[in-house]
Colleague: 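Attaching a single structure in structure tokens format; questions to follow.
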Amino acid sequence: MQETNLAWIGCGKEKVTIGFHDQLDLFIEENGGNKNDPAGKINTQETNNSISLETIFPDPKGKYDFSQLLNHTNLDSASLTNALWDLVWQGKVTNDSFGSLRKGVENQFQASDLSQINGGGRRAAFSRWKMSRPFAGNWYVLDPPTPAQDAVEELERLKDRVRLLLDRYGILFRTLLIRERPALRWGALFKALRLMELSGEIMAGCFFEGIPGLQFISSTALRALQNGLSEESIFWINANDPASLCGVSVEGLEYNLPERRPANHLVYHGKQLVMISRRNGKDLDIKVTPNDSHLPEYYSLFKDMLERAFTPVNTITIETINNESPAESPYLKPLQELFDINKDYKKVTLRKRYW
């Protein structure tokens, strides 16, 4: 993000989208996230004073680290932190480092008060205080999307939005776009979809049974489906991932998908769903036999959770495997070969193995 024009952009309270600067007009509504406040003024909880973008940024075309903004504004660090995050959620300010967003997530986007940090000594307390401030990267003002000059330009913009979604999904239908931003939903794009169908750029029809309503598909996606997908790929996704069909109403699926929650995960082998992990591994639904040779690869989900670089989990507690106690489960053996395991009659606990 520091070397290219890729950016993360706020699109509502504690929600972000990722895209390139030259595509902002495709998924960000005009006037950012607050159409009633084009000047970008906000109220901070600490000061109750109106703070404008011009007050925070010396030059709207420049990039500034947090210390530079502190010196320029003469605000206290907590007020500046909250002001920046408020502007982020309005889609008017961002940072050229994803690290600042990660730190914000860790601290619930709140600036800690040094006087309220207890334990660990002064040095540790100061470190935790500093970690709650967005020092990573450089902050800058986003250029607002340019309004379409006429109906022809607006139609071309709608077509570009359709192309962006087809690059992401391959096929489009109404229920798939329910969770998209307003500019990328079915009703906003249907006219462009029909016109692109008439021009031959995309095709309409019934490509998958069980999906209600009309479906539109790109020629690239159709060729991929006709050629067949890899049956050997093993991968997992979060149930809340945009690629997940959890929570999407599609009849005819051979299995019941879990709730669309961040603590649920799905493991696939090719097009087959082979394992569902609920509540961060507490309940496992394994759809292959205990002697399946690929089980260790399916369990790589837990390896990723325990060993990932950012906020890895310390332990994974399994309470059920296929609705039974895990302690004597035949599915336990591959886990014992991959992880440090403690078990009792109620649960099995996984930890990262260091040897």
Colleague: Given the rule in the side chain to side chain contact (heavy atoms under 4.5 Å, CB included) test, do F302 and L338 qualify, once you have shown the distances and angles that lead to the verdict?
Modeller: CA-CA 10 Å; F302 306 130; L338 294 171; over 6 Å; no
Colleague: How long is the gap from OG1 on T175 to CG on L245, to the nearest 0.5 Å?
Modeller: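 It comes to 8.5 Å.
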Colleague: Evaluate side chain to side chain contact (heavy atoms under 4.5 Å, CB included) for T55 paired with H72, printing each intermediate quantity in order.
Modeller: CA-CA 8 Å; T55 300; H72 173 71; over 6 Å; no
Colleague: With a 4.5 Å cut-off on side-chain heavy-atom distances among I, L, V, M, F, W and Y, is there a chain of contacts connecting F216 to L184?
Modeller: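 Hydrophobic grouping puts F216 with L184.
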Colleague: Do Y140 and V93 come within less than 4.5 Å of each other through their side chains, counting heavy atoms only?
Modeller: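 Counting from C-beta outward, Y140 and V93 never come under 4.5 Å.
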Colleague: Considering residues at least two apart in sequence or located in another chain, which fulfil the side-chain hydrogen bond (donor to acceptor under 3.5 Å, both in side chains) criterion with E180?
Modeller: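 For E180, the residues satisfying side-chain hydrogen bond (donor to acceptor under 3.5 Å, both in side chains) (neighbours in sequence not counted) are R168, Y169.
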Colleague: Heavy atoms only: give me the nearest R261-A239 pair and the separation to one decimal.
Modeller: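 Where R261 meets A239 most closely, the heavy atoms are O-CB, 3.6 Å.
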Colleague: Using side-chain heavy atoms (C-beta onward) and a distance below 4.5 Å, is V88 in contact with T94?
Modeller: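 Not in contact.
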Colleague: Could you tell me the separation between the OG1 atom of T317 and the CZ atom of R279, rounded to the nearest 0.5 Å?
Modeller: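 The CZ atom of R279 is 10.0 Å from OG1 of T317, to the nearest 0.5 Å.
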Colleague: What I'd like to find out is whether the side chain of N314 reaches to under 4.5 Å of the side chain of K352, using heavy atoms alone.
Modeller: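 Not in contact.
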Colleague: Tell me, do K287 and Y298 make a side-chain contact under 4.5 Å, heavy atoms counted?
Modeller: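 Not in contact.
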Colleague: Are D241 and S244 close enough that a side-chain donor and a side-chain acceptor fall under 3.5 Å?
Modeller: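 S244 and D241 do not have a side-chain donor-acceptor pair below 3.5 Å.
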Colleague: Going by heavy atoms in the side chains, are R194 and L214 under 4.5 Å from each other?
Modeller: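 Touching, per the 4.5 Å side-chain cut-off.
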Colleague: E297 versus H269: any side-chain heavy-atom pair under 4.5 Å?
Modeller: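 When only atoms from C-beta onward are counted, H269 and E297 do not touch, as no gap falls below 4.5 Å.
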Colleague: Hydrophobic clusters here meaning ILVMFWY residues chained together by side-chain heavy-atom distances under 4.5 Å, can you tell me if I318 and L266 are in one?
Modeller: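 No, no single cluster joins them.
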Colleague: For D283 and R278, indicate whether the former's side chain and the latter's backbone hold a donor-acceptor pair under 3.5 Å.
Modeller: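 Side chain of D283 to backbone of R278: no pair is present.
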Colleague: Looking only at side-chain N and O atoms, does S97 offer a donor or acceptor that is under 3.5 Å from a partner on N95?
Modeller: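 Result is no, nothing qualifies.
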Colleague: For R174, I'd like to know if atom CZ has over 12 heavy atoms of other residues, nucleotides or ligands within 6.0 Å.
Modeller: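 At most 12 heavy atoms, drawn from other residues, nucleotides or ligands, come within 6.0 Å of this atom.
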Colleague: Please tabulate, for the side chains in residues 321-335, all donor-acceptor contacts under 3.5 angstrom to protein atoms that are two or more places apart in sequence or on a different chain.
Modeller:
unit_1, atom_1, unit_2, atom_2, d
N322, OD1, I286, N, 2.7
N322, ND2, I286, O, 3.3
S325, OG, Y345, O, 3.3
S329, OG, Y331, N, 3.1
Y331, OH, V288, O, 2.6

Colleague: Using atom types as modelled and distance alone, determine if a side-chain donor or acceptor of R353 lies under 3.5 Å from a backbone N or O of Q336.
Modeller: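 Confirmed, R353 side chain pairs with Q336 backbone.
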Colleague: Is there a side-chain contact between F109 and W89 in this structure, where contact means two heavy atoms from C-beta onward sitting under 4.5 Å apart?
Modeller: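 They are in contact (side-chain heavy atoms under 4.5 Å apart), so the answer is yes.
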Colleague: Write down the atom of R351, the atom of F339, and the distance for their closest heavy-atom approach.
Modeller: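 Nearest pair, atom of R351 first, then F339: O-CB, 3.5 Å.
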Colleague: Charged N to carboxylate O under 4.0 angstrom, E201 versus K159?
Modeller: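 No, no charged N to carboxylate O under 4.0 Å.
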Colleague: For Y64 and L70, indicate whether the former's side chain and the latter's backbone hold a donor-acceptor pair under 3.5 Å.
Modeller: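 Such a contact is absent between Y64 side chain and L70 backbone.
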Colleague: Could you pull out the closest heavy-atom pair between H265 and N280, with the gap in Å?
Modeller: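 Minimum heavy-atom contact is CE1-OD1, 3.6 Å.
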Colleague: Determine whether W186 and I211 fall in the same hydrophobic cluster, where Ile, Leu, Val, Met, Phe, Trp and Tyr are linked whenever their side-chain heavy atoms lie under 4.5 Å apart.
Modeller: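 In one cluster with W186: I211, yes.
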Colleague: Check the pair V313, L306 against side chain to side chain contact (heavy atoms under 4.5 Å, CB included), reporting the backbone distance first and the verdict last.
Modeller: CA-CA 5 Å; V313 298; L306 290 166; 3.7 Å; yes
Colleague: Measure the spacing between CG of L195 and CZ of F190 and express it to the nearest 0.5 Å.
Modeller: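 L195 atom CG to F190 atom CZ measures 10.0 Å (nearest 0.5 Å).
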Colleague: Can you hop from F208 to L257 via hydrophobic side chains spaced under 4.5 Å?
Modeller: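 Result: yes, single cluster for both.
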Colleague: Is it the case that over 12 heavy atoms from other parts of the model lie below 6.0 angstrom from the NZ atom of K303?
Modeller: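 Atom NZ in K303 is not packed in, count stays at 12 or less.
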Colleague: Under the 3.5 angstrom rule, does the side chain of Q23 hit a backbone N or O of G19 as a donor-acceptor pair?
Modeller: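 Not a single qualifying donor-acceptor pair exists.
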Colleague: Regarding D160 and R157, does a basic nitrogen lie under 4.0 Å from an acidic carboxylate oxygen?
Modeller: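 Salt bridge: no.
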Colleague: State whether the side chain of D96 and the backbone N or O of W139 hold a donor-acceptor pair below 3.5 Å, judged by distance alone.
Modeller: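 No, D96 side chain to W139 backbone: no donor-acceptor pair under 3.5 Å.
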Colleague: Show the numbers, then the answer: is there a side chain to side chain contact (heavy atoms under 4.5 Å, CB included) between Y299 and E337?
Modeller: CA-CA 11 Å; Y299 290 151; E337 298 172 355; over 6 Å; no
Colleague: Under 3.5 Å, is there a donor-acceptor pair between the side chain of N107 and the main chain of Q110?
Modeller: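 Here the side-chain-to-backbone pair does not exist.
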Colleague: Quick one: closest heavy-atom pair of L69 and P58, and the distance?
Modeller: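 Here L69 and P58 meet closest at CD2-CD, 4.3 Å.
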Colleague: Shortest non-hydrogen contact from E154 to R161?
Modeller: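 Nearest heavy atoms, E154 then R161: OE2-NH1, 4.0 Å.
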Colleague: Should the heavy atoms of other residues, nucleotides or ligands under 6.0 Å from NZ of K63 be counted, would the total exceed 12?
Modeller: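 Yes, the 6.0 Å shell around NZ holds more than 12 heavy atoms from other groups.
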Colleague: From L176 CG over to Q215 CD, what is the distance, rounded to the nearest 0.5 angstrom?
Modeller: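 Interatomic distance, L176 CG to Q215 CD, rounded to 0.5 Å: 10.5 Å.
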Colleague: Taking the side chain as every heavy atom from C-beta outward, state whether M275 and L301 have any pair of such atoms under 4.5 Å apart.
Modeller: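 A side-chain contact under 4.5 Å exists here.
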Colleague: Working to the nearest 0.5 Å, report the span between CD1 of I202 and CG of L198.
Modeller: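 If I round to the nearest 0.5 Å, the distance is 9.5 Å.
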Colleague: For T349 and N342, test the side chains for any donor-to-acceptor distance below 3.5 angstrom and give the result as yes or no.
Modeller: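 On atom types as modelled, these side chains do not qualify, holding no pair under 3.5 Å.
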Colleague: With the 4.5 Å side-chain cut-off for hydrophobic clustering, are V105 and I18 part of the same group?
Modeller: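 Yes; tracing contacts between hydrophobic side chains, which count when under 4.5 Å, links both residues.
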Colleague: For L295 and T289, which heavy atoms make the closest approach, and how far apart are they?
Modeller: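 L295 and T289 have their closest heavy atoms at CD1-O, 4.0 Å.
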Colleague: CZ of F66 to CG of L80: how many Å apart, nearest 0.5 Å?
Modeller: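 Spacing of CZ (F66) from CG (L80) equals 4.0 Å.
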